[in-house]
Amino acid sequence: MKNIKRTLLIGILATASIIGSGCSKSNTSTDSTFTNESTAKESKVEETSKKQPKKNKFNYPITLGTIGGIDLQADSEFPKAGFFETNDLVLGFEENKGELASCFYQRECTTKRAAEETWHVEYSEDLKKIPDSMKGLKTLWDDFVTDGRMYKMYSDQQYEVVVDNTEKVTYNGVDFIKEEGHIDVTRKDPSNTRFPELVRAGYIAYYYFSPEGAGAYPADDNQGYGMGMAIWGVRPVDMSNEEEAKTMEENYEKLKKSTKASMETLISLDDYWKLDK
């Protein structure tokens, strides 16, 4: 079943700052081949039987609302084709070498009040009921496909976000809805040959609920709580270029591994603040 989230998605979850504060932003990478068919796999537990040894140091630490913190170290192993900070995203961990960035990472969250009074959607603590508009984050995708250092989408082009697969996963006792999908950029007028017929990128998102008061201290709520999401993505490429398309799909597969490795480092917020970062 194809599950398409179109550009009319409302709302950006409350904007956050860069690595280290609650629902803020950072950087990472991606991997997988894409199909237009959506396969829904429910209640699959990605976490495992195999417990990761607890780390006493995070190299690229970030928090996910009040549920805890993860280490983006695995993302630093992702192919680097230039990494730099933008106004809206942090792309990679190293200085841009003059090339387009190959990947990005971002996290967002919203509270009940912001969801209902700002974005006018029903707030839910049930992960299965998080509104598509909150998942879609139109402004996130707008920023992603119109930043010239990642990809420049022009007014004669349009995009849609296509969900390929969703499943429930659990890390350190916390449930997430994991979503894999792709973003297609196409011509508004098919006869307009000034632009590629199809530009495609891939993304991996983890949606979660971060309850108020779940942190070790009352001030932890300032780091963000509510409906949250952590998103990794790869650079859009012209799919008519076989070499670029192949590289993007290979990178997406690598991204799957690095995002999973990062999620496996999830520890409680209490333990996170005790880390020797």
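Everything quoted here is computed from the prediction, not taken from an experiment. Counting from 1, the numbers follow the sequence of the chain as shown.
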Indicate yes or no for a side-chain donor-acceptor contact from [X] to the backbone of [Y] under 3.5 Å, with no hydrogens or angles considered.
X: R235; Y: C103; result: no
X: D175; Y: T170; result: no
X: T66; Y: Y225; result: no
X: D71; Y: Y60; result: yes

Given the rule that I, L, V, M, F, W and Y join up when any side-chain heavy atoms are under 4.5 Å apart, are F195 and Y151 in one cluster? no
Going only through I, L, V, M, F, W and Y residues with side-chain contacts under 4.5 Å, is there a path from V237 to L198?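 The answer is yes; both residues are in one hydrophobic cluster.
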Any side-chain heavy atom of [X] sitting closer than 4.5 Å to one from [Y]?
X: F209; Y: D126; answer: no
X: R194; Y: Y154; answer: no
X: V234; Y: F104; answer: no
X: E243; Y: M248; answer: no
X: Q158; Y: V185; answer: no
X: D156; Y: D189; answer: no
X: Y159; Y: M153; answer: yes
X: Q157; Y: R187; answer: no

In Å and rounded to the nearest 0.5 Å, what is the [atom1] to [atom2] distance from [X] to [Y]?
X: L269; Y: K274; atom1: CG; atom2: NZ; value: 11.0 Å
X: Q106; Y: I62; atom1: CD; atom2: CD1; value: 11.0 Å
X: S262; Y: K257; atom1: OG; atom2: NZ; value: 14.5 Å
X: N192; Y: T186; atom1: CG; atom2: OG1; value: 11.5 Å
X: M263; Y: K178; atom1: CE; atom2: NZ; value: 9.5 Å
X: H182; Y: D184; atom1: NE2; atom2: CG; value: 4.0 Å

I267 and F58: CA distance, side-chain angles, deciding distance, side chain to side chain contact (heavy atoms under 4.5 Å, CB included) verdict: CA-CA 11 Å; I267 58 176; F58 276 10; 3.9 Å; yes
Taking the six-membered ring for Trp, are Y207 and F176 ring centroids under 6.0 Å apart? no
Go through it in stages, so that I can follow the logic: the residues are D270 and S268, the test is side-chain hydrogen bond (donor to acceptor under 3.5 Å, both in side chains), and I'd like the CA-CA distance, side-chain angles, deciding distance and then a yes or no. CA-CA 5 Å; D270 191 12; S268 71; 5.4 Å; no
Non-neighbouring partners of K188 that pass salt bridge (Lys or Arg N to Asp or Glu O under 4.0 Å), sequence neighbours left out: none
Partners of E117 by salt bridge (Lys or Arg N to Asp or Glu O under 4.0 Å), sequence neighbours excluded? R113
Passes side chain to side chain contact (heavy atoms under 4.5 Å, CB included), E249 versus M239? Steps please. CA-CA 10 Å; E249 290 171 350; M239 295 301 286; 3.8 Å; yes
Between Y203 and E179, do the side chains contain a donor N or O and an acceptor N or O under 3.5 Å apart? yes
Are E244 and K246 within salt-bridge range, i.e. N to O under 4.0 Å? no
One thing to verify: whether K260 and E264 come together as a salt bridge, which I'm taking to mean a side-chain N less than 4.0 angstrom from a carboxylate O.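 Counted as a salt bridge, because a side-chain N and a carboxylate O are separated by less than 4.0 Å.
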In sequence, state the C-alpha distance, the side-chain angles, and the governing distance for E250 and K254, and then conclude on salt bridge (charged side-chain N to carboxylate O under 4.0 Å, His left out). CA-CA 6 Å; E250 289 173 347; K254 292 172 184 175; 5.4 Å; no
Apply side chain to side chain contact (heavy atoms under 4.5 Å, CB included) to residues Y105 and I231 and explain how you reach the verdict. CA-CA 6 Å; Y105 169 82; I231 297 181; over 6 Å; no
Identify the residue among L266, I67, I70 that makes a side-chain contact (heavy atoms from CB on, under 4.5 Å) with N172. L266
Which pair of non-hydrogen atoms, one from P61 and one from Y272, has the smallest distance, and what is that distance? CB-OH, 3.3 Å
